[in-house]
Amino acid sequence: MPSSRDVPLELYLTSPNGQQKLGGLYRLLEGKLSKGLPIWKRIGFGQEAWIYSGPNGRWYVSNNKVVEQNDFQCGRGLISSLEHRNLLPVMLEEDSWQYKDQY
């Protein structure tokens, strides 16, 4: 698990290959974890969206309210990573991410 000092307070997501609507600035939700890992929420423009670790060990970027309603205990996102092995999103290679057109 990453130490708290390694966790960035903000992430800026760009998505050149798909799902550009999920791009933008995400801020750490202090004290909120999913599978022992941090959660970030998009701030600023557009729909609410989150970056979180799902139950299958993948990072997800989702704007689906069901995710928050289920306390981030599901694997739903239009962008997802391959298995992250407890690495933070910023530590993954660019080709570790997958894009979908719909849920």
Undergrad: Hey, what do you get for CD (Gln69) to SG (Cys74), rounding to the nearest 0.5 Å?
TA: 9.5 Å
Undergrad: Under a single-linkage definition using a 4.5 Å side-chain heavy-atom cutoff for Ile, Leu, Val, Met, Phe, Trp and Tyr, are Leu33 and Leu88 assigned to the same hydrophobic cluster?
TA: no
Undergrad: With rounding to the nearest 0.5 Å, note down the distance linking CZ in Arg42 to CH2 in Trp50.
TA: 9.5 Å
Undergrad: Take atom CD of Glu93 as the centre, draw a 6.0 Å sphere, and report whether it contains more than 12 heavy atoms from other residues, nucleotides or ligands.
TA: no
Undergrad: Tell me, do Val67 and Phe72 make a side-chain contact under 4.5 Å, heavy atoms counted?
TA: yes
Undergrad: Under a 4.5 Å cut-off applied to non-hydrogen side-chain atoms, are Leu29 and Pro38 in contact?
TA: no
Undergrad: Please determine whether residues Tyr52 and Tyr12 belong to a single hydrophobic cluster, defined as Ile, Leu, Val, Met, Phe, Trp and Tyr linked transitively by side-chain heavy-atom distances below 4.5 Å.
TA: no
Undergrad: So Arg58 and Leu82, side chain to side chain contact (heavy atoms under 4.5 Å, CB included) or not? Walk me through it.
TA: CA-CA 6 Å; Arg58 296 172 185 254; Leu82 300 175; 4.3 Å; yes
Undergrad: When rounded to the nearest 0.5 angstrom, what distance separates OH in Tyr60 from CD1 in Ile79?
TA: 12.5 Å
Undergrad: Working to the nearest 0.5 angstrom, can you tell me the gap between Leu13 CG and Ile51 CD1?
TA: 5.5 Å
Undergrad: Of all the heavy-atom pairs spanning Gly75 and Pro55, show the shortest one and how long it is.
TA: N-CD, 3.8 Å
Undergrad: Under the rule for salt bridge (Lys or Arg N to Asp or Glu O under 4.0 Å), what residues qualify as partners of Glu30, not counting sequence neighbours?
TA: none
Undergrad: Hey, what do you get for CD (Glu48) to CG (Asn63), rounding to the nearest 0.5 Å?
TA: 10.0 Å
Undergrad: Check Leu22 against Ala49 and note the closest heavy-atom contact, atom names and distance.
TA: CD2-CB, 4.1 Å
Undergrad: Please name the pair of heavy atoms, one in Lys35 and one in Ser53, separated by the smallest distance, quoted to 0.1 Å.
TA: CG-O, 4.0 Å
Undergrad: List for me each residue that meets salt bridge (Lys or Arg N to Asp or Glu O under 4.0 Å) alongside Asp71, sequence neighbours excluded, and say none if there are none.
TA: Lys32
Undergrad: Trp59: what forms a ring-ring contact (aromatic ring centres under 6.0 Å, His included) with it, not counting sequence neighbours?
TA: Trp40, His84
Undergrad: Kindly compute the distance separating CG (Leu25) from CD1 (Ile43), expressed to the nearest 0.5 Å.
TA: 4.0 Å
